[in-house]
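Report on the structure given below.
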Amino acid sequence: MVRTGEDIKISIHNARLGFTVLIGEVLTSSRFKMKIVNILQVVSHERRNYFRVEVEMKGYLAKEKSRLGENDEDAFPVVVRDLSLCGLRFESTKDLELDSVYWTQIDIDGVRFTTEFRIARKRAMENTQRYAYGGEFVQERNPDTDKLCSYLFKKQREMAKRNQ
C-alpha cells in the first residue's frame, strides 16, 4: 500500500506495445487496487539497446584517428568506466562539447579497439575538475566489434560469478 499523495513511477513492459515509463500521484491505495491521477508519460522507448559492463581501463581520445596513442600530444588519456556494443562512459579532465565526434582507443585483452564516437551526455563531477561523458559509437559495424562482444560477455560472466 502507498500513501495518498505519494508520487509514483511505473515502468510498463508490453510484448506487443513496447516499453514506457509513467509518473503519477496516488489517489487511493489498497492491497488489491491503486488509483493513480495526474499521469505523465516520461519515456516511450528503451534508451539502451545493449547491456553495459562496468570496467576501469585507460583509453585515449583524439579528434583524428591518426593522432591516437600515448606519445602524441593531440591525444589525451581518459578513464573508461563502462562499455557496451553501442557506446562507452568515460571520465576526463577535458571539457568536451556535446555532439562532438572523437576517436577512441582502448586495449581489450591485448587487442587495440579503435572507433569513432559522438558525445551524447556530459556531467560535471562534484568537487573535482573532472567530467563524466557518455558516448555512442558512430560506426555501425567496426571490424573489431566481435572482439568487443567477446570481451563484454567475458566480463559479464565474471560479474555473475562474483555475485553468486
Side-chain angles (χ1 to χ4, degrees), residues 9-23 40-164:
K9 180 171 105 173
I10 304 164
S11 298
I12 301 172
H13 300 271
N14 182 294
R16 188 170 50 84
L17 300 174
F19 174 77
T20 192
V21 176
L22 305 173
I23 58 172
L40 296 172
Q41 185 175 15
V42 180
V43 176
S44 60
H45 63 282
E46 288 278 4
R47 289 183 57 184
R48 308 247 187 259
N49 294 323
Y50 301 99
F51 64 89
R52 290 189 171 263
V53 174
E54 288 185 21
V55 296
E56 186 168 339
M57 60 175 59
K58 189 174 186 176
Y60 293 92
L61 259 61
K63 282 301 247 176
E64 297 175 33
K65 185 177 182 179
S66 62
R67 300 287 188 191
L68 285 169
E70 293 182 47
N71 300 324
D72 196 311
E73 65 269 1
D74 292 331
F76 55 92
V78 298
V79 177
V80 178
R81 297 295 184 189
D82 70 38
L83 280 171
S84 77
L85 283 175
C86 64
L88 65 138
R89 182 174 56 91
F90 66 93
E91 295 174 5
S92 173
T93 57
K94 298 278 188 183
D95 186 4
L96 308 174
E97 295 296 320
L98 280 174
D99 289 323
S100 56
V101 177
Y102 287 86
W103 283 88
T104 186
Q105 179 178 293
I106 54 178
D107 182 44
I108 298 177
D109 284 343
V111 177
R112 282 190 175 156
F113 178 74
T114 304
T115 192
E116 193 175 19
F117 73 96
R118 181 185 70 80
I119 295 179
R121 287 173 297 288
K122 175 182 176 180
R123 178 178 55 86
M125 299 174 69
E126 289 184 31
N127 302 321
T128 69
Q129 296 295 316
R130 299 180 64 78
Y131 297 88
Y133 297 96
E136 58 189 12
F137 298 144
V138 173
Q139 295 174 315
E140 191 65 31
R141 183 76 178 153
N142 184 307
D144 296 325
T145 300
D146 291 340
K147 293 173 189 146
L148 176 61
C149 187
S150 295
Y151 176 78
L152 293 172
F153 280 125
K154 177 182 136 187
K155 288 302 227 181
Q156 190 177 41
R157 282 191 303 274
E158 290 172 5
M159 286 172 36
K161 285 181 185 177
R162 278 195 306 261
N163 292 335
Q164 288 179 348

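For the single chain, residues carry numbers from 1 onward in sequence order. Hydrogens, waters and symmetry mates are skipped; everything else that's a heavy atom, side chains included, is used.
- The distance from atom CD of Glu91 to atom CZ of Arg123, rounded to the nearest 0.5 Å, is 7.5 Å.
- Qualifying side-chain hydrogen bond (donor to acceptor under 3.5 Å, both in side chains) partners for Asp82, counting only residues two or more places apart in sequence or in other chains: Arg52, Arg89.
- Among all heavy-atom pairs drawn from Pro77 and Ser92, the shortest one is O-OG, 4.3 Å.
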Worksheet entry | side-chain contact (heavy atoms from CB on, under 4.5 Å) between Val79 and Glu56, worked out | CA-CA 7 Å; Val79 177; Glu56 186 168 339; 4.1 Å; yes
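- Atom CD1 of Ile12 sits about 4.0 Å away from atom CG of Leu22, to the nearest 0.5 Å.
- Pairing each heavy atom of Ala132 with each of Met125, the nearest pair is N-CG, 4.0 Å.
- With values rounded to the nearest 0.5 angstrom, Lys154 atom NZ is found 3.5 Å from Asp109 atom CG.
- Rounded to the nearest 0.5 Å, atoms OH (Tyr102) and NZ (Lys63) are 4.5 Å apart.
- By the 4.5 Å heavy-atom criterion applied to side chains, Tyr151 and Lys147 are not counted as neighbours.
- Taking the ring centre of Tyr131 as origin, the terminal cationic atom of Lys122 falls inside the region bounded by 6.0 Å and 45° from the ring axis.
- Between Glu54 and Arg81 there is no salt bridge, since no side-chain N of the basic residue sits under 4.0 Å from a carboxylate O of the acidic one.
- Residues Phe90 and Val80 approach most closely at CB-CA, 4.0 Å, considering heavy atoms.
- Looking only at distances, no side-chain donor or acceptor of Thr93 sits under 3.5 Å from a matching main-chain atom of Arg130.
- Taken to the nearest 0.5 Å, the CG atom of Leu61 stands 9.5 Å off from the OH atom of Tyr133.
- The side-chain heavy atoms of Met57 and Ile106, taken from C-beta on, include a pair separated by under 4.5 Å.
- In terms of heavy-atom proximity, Gly135 sits nearest to Phe117 at CA-CD1, 3.8 Å.
- Here the OG1 atom belonging to Thr104 is positioned 12.0 Å from the NZ atom belonging to Lys65, to the nearest 0.5 angstrom.
- Residue Leu85 comes nearest to Phe137 through the heavy atom pair O-CD1, 3.4 Å, listed as atom of the first residue, atom of the second, then distance.
- When all heavy atoms of Glu116 and Val101 are compared, the closest pair comes out as OE2-CG1, 3.3 Å.
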Worksheet item: Hey, mind stepping through Phe113 and Leu88 against side-chain contact (heavy atoms from CB on, under 4.5 Å) and telling me if it holds?
Response: CA-CA 12 Å; Phe113 178 74; Leu88 65 138; over 6 Å; no
